[in-house]
Amino acid sequence: MYGIYEAIIKFNRIAYNYCVSNGLANRYYWQFSPSNYRIATFYIHPIIYSVLVAVSIILMFGFFQHTKTNMFLMVLLMINLLLTKSRSAWIALAIVLLFWGGWYLFKIRQVNSKTLFVILICLLSLPFIVLVLSKTGVFDTIFLRFNNLSSDSSALQRTGTITYFLHQVIPSTSFGSLLIGHGLDAASVLMDSVSITMSDFSETDNQFLTTFYDQGIIVLLVVCLMILISFLMIFRTKDVQVQSIAAAFVTMSISMFFFELFRFFPTAFIYFIFLGFICEAWASQHILTRERTQNEQIS
């Protein structure tokens with residue numbers, strides 16, 4: 001509810017006080033421009049809030065029953081996600097729901113009458129939903145965010161940084177540094193020394209690039225392995241709650257292409273909490289499989 005209130009008044013007191021106290025008043029008015037306002041609530045940055053909202057939506061599917069109250073909360077979360085105007089969270093959530101939902105429908109071999117009724121209602125309601133979204137300007141908001149990619153400074157900064165790494169940083173880096181990296185915050189120092197489309201911008205806006213430059217390709221491969229394991233857990237476990245945690249972890253991982261997730265405490269903390277749950281579930285699954293195999297061999 002607070003996110004909707006913020007969108008109405010178009011002012012974030014917490015972000016304003018933080019920016020002013022750190023001598024970044026100009027950054028506030030650039031980031032929270034009234035002409036293209038993006039909500040952030042208590043998290044100061046719209047991307048951080050959008051990722052947490054996307055994660056909340058995923059977890060709603062696994063941890064909460066489909067009551068009227070929870071459906072109302074889901075609608076509020078969807079509205080807040082839209083008001084963040086965060087392309088990264090939209091893309092990450094859409095990809096995960098596409099794979100997760102598609103797998104769920106494929107897994108259903110025998111559709112009972114209740115499931116068939118729900119699917120039918122959804123299909124019949126689709127034209128009405130599309131009409132409502134069109135009349136309320138939702139489609140226009142999404143279209144404008146993606147239509148501005150060719151001129152958006154943030155998007156150009158991200159694509160320019162990737163190009164800079166591929167064509168200049170990697171070819172000029174020694175083999176040892178490629179393996180073990182340059183040390184913590186090295187990517188920040190590097191970005192301070194160059195200007196892609198923004199001056200005095202010390203972030204790659206890509207956690208994978210930052211991890212590669214700071215810790216090297218070995219650590220980056222470990223991170224990618226954890227993401228792959230989490231992706232497989234969505235389809236290999238029957239526990240819906242574990243599925244939702246793995247799906248939330250993958251959602252955050254996809255969003256790391258668009259910002260430095262580890263730089264912000266809320267997202268980094270939740271990310272590694274999810275990783276701990278996934279590793280524990282993966283290990284338990286392998287132990288159970290091994291014990292089942294041994295029992296079958298004995299019998």
Side-chain angles (χ1 to χ4, degrees), residues 45 47-48 51-52 54-55 58 88-89 91-92 95-96 99 154 157-196 201-237 242-243 245-287 289-290:
H45 199 291
I47 293 182
I48 302 175
V51 170
L52 296 179
V55 165
I58 292 289
S88 55
I91 292 171
I95 292 174
V96 170
F99 277 98
S154 298
Q157 174 73 20
R158 292 186 180 102
T159 55
T161 301
I162 293 173
T163 302
Y164 172 67
F165 266 74
L166 290 176
H167 294 129
Q168 297 191 46
V169 175
I170 294 177
S172 62
T173 302
S174 65
F175 180 72
S177 295
L178 287 175
L179 287 180
I180 62 174
H182 298 77
L184 291 176
D185 290 330
S188 179
V189 174
L190 173 68
M191 295 305 297
D192 265 332
S193 65
V194 298
S195 178
I196 307 297
F201 196 79
S202 61
E203 301 175 15
T204 63
D205 257 357
N206 186 315
Q207 186 60 58
F208 293 98
L209 288 181
T210 300
T211 300
F212 163 73
Y213 194 80
D214 287 358
Q215 284 89 30
I217 196 169
I218 295 176
V219 174
L220 179 61
L221 289 175
V222 172
V223 172
C224 292
L225 178 62
M226 293 297 101
I227 296 172
L228 177 61
I229 290 174
S230 302
F231 183 75
L232 295 176
M233 282 294 292
I234 299 175
F235 312 106
R236 296 189 62 176
T237 181
V242 175
Q243 286 179 18
I245 291 175
F249 182 84
V250 173
T251 300
M252 298 184 78
S253 299
I254 295 173
S255 71
M256 293 198 307
F257 279 105
F258 308 99
F259 84 115
E260 295 182 32
L261 184 145
F262 297 165
R263 183 181 288 266
F264 304 99
F265 176 78
T267 50
F269 178 77
I270 293 173
Y271 190 79
F272 286 107
I273 289 293
F274 285 165
L275 180 59
F277 277 113
I278 293 166
C279 289
E280 192 277 334
W282 181 267
S284 298
Q285 188 178 64
H286 275 269
I287 291 172
T289 302
R290 186 169 62 250

Under a 3.5 Å threshold, yes or no: a donor from one side chain and an acceptor from the other, between S255 and S88? no

Exceeds 12 heavy-atom contacts within 6.0 angstrom, atom CG of D192: yes

Atom pair CE/CD1 of M252 and I227 - distance to nearest 0.5 Å: 11.0 Å

Any side-chain heavy-atom pair from L190 and Y213 closer than 4.5 angstrom? yes

Would you compute the distance between atom CD1 of I180 and atom OG of S174 and round it to the nearest 0.5 angstrom? 8.0 Å

At their closest point, which heavy atom of P171 faces which heavy atom of L166, and how far apart are they? CD-O, 3.5 Å

Looking only at heavy atoms, which two atoms of S230 and A246 are closest? And how far apart? O-CB, 3.3 Å

Does the side chain of I91 come within less than 4.5 Å of F258's, by heavy atoms? yes

For atom CD1 of I217, decide whether the heavy atoms of other residues, nucleotides or ligands shown that lie under 6.0 angstrom number more than 12. no

Under 3.5 Å, side chain of T211 to main-chain N/O of F208, donor-acceptor pair present? no

Could you work out, with side chain to side chain donor-acceptor pair (under 3.5 Å) as the rule, every residue matching T173, not counting sequence neighbours? none

Main-chain N/O of N206 paired to R158 side chain as donor or acceptor, under 3.5 Å: no

Hey, what do you get for CG (L178) to CG (L220), rounding to the nearest 0.5 Å? 11.5 Å

When rounded to the nearest 0.5 angstrom, what is the spacing between CD1 in I47 and CD in E260? 10.5 Å

Start with the C-alpha distance between T210 and T204, add both sets of side-chain angles, then the distance that settles side-chain hydrogen bond (donor to acceptor under 3.5 Å, both in side chains), and finish with yes or no. CA-CA 6 Å; T210 300; T204 63; 2.6 Å; yes

Rounded to the nearest 0.5 Å, what's the gap from OH on Y164 to OG1 on T159? Could you check? 15.0 Å

Can the ring centroids of F249 and F231 be said to lie less than 6.0 angstrom from one another? no

Return a table of donor-acceptor pairs under 3.5 angstrom between the side chains of residues 269-277 and protein atoms on other chains or two or more places apart.
{"residue": "Y271", "atom": "OH", "partner": "S253", "partner atom": "OG", "Å": "2.9"}

Do F259 and V51 have side chains that get closer than 4.5 Å, going by heavy atoms? yes

Applying side chain to side chain donor-acceptor pair (under 3.5 Å), name anything that partners S172, two or more places apart in sequence or on another chain. none

Beyond-backbone contact of L184 with Q215, side-chain heavy atoms, under 4.5 angstrom: yes

Should we say atom CZ of F262 is surrounded by more than 12 heavy atoms from elsewhere, each under 6.0 Å from it? yes

Value rounded to 0.5 Å, distance of CD1 in I218 from CZ in F212: 11.5 Å

Heavy-atom closest contact (A247 atom, I234 atom, distance): CA-CD1, 3.7 Å

Kindly indicate, with the supporting measurements, whether the criterion side-chain contact (heavy atoms from CB on, under 4.5 Å) is fulfilled by R263 and E203. CA-CA 9 Å; R263 183 181 288 266; E203 301 175 15; 3.6 Å; yes

If we ignore hydrogens and angles and just use 3.5 Å, is the side chain of H182 paired with the main-chain N or O of D214 as donor and acceptor? no

Can you confirm whether T161 sits close enough to L209 that some side-chain heavy atom of one is under 4.5 Å from a side-chain heavy atom of the other? yes

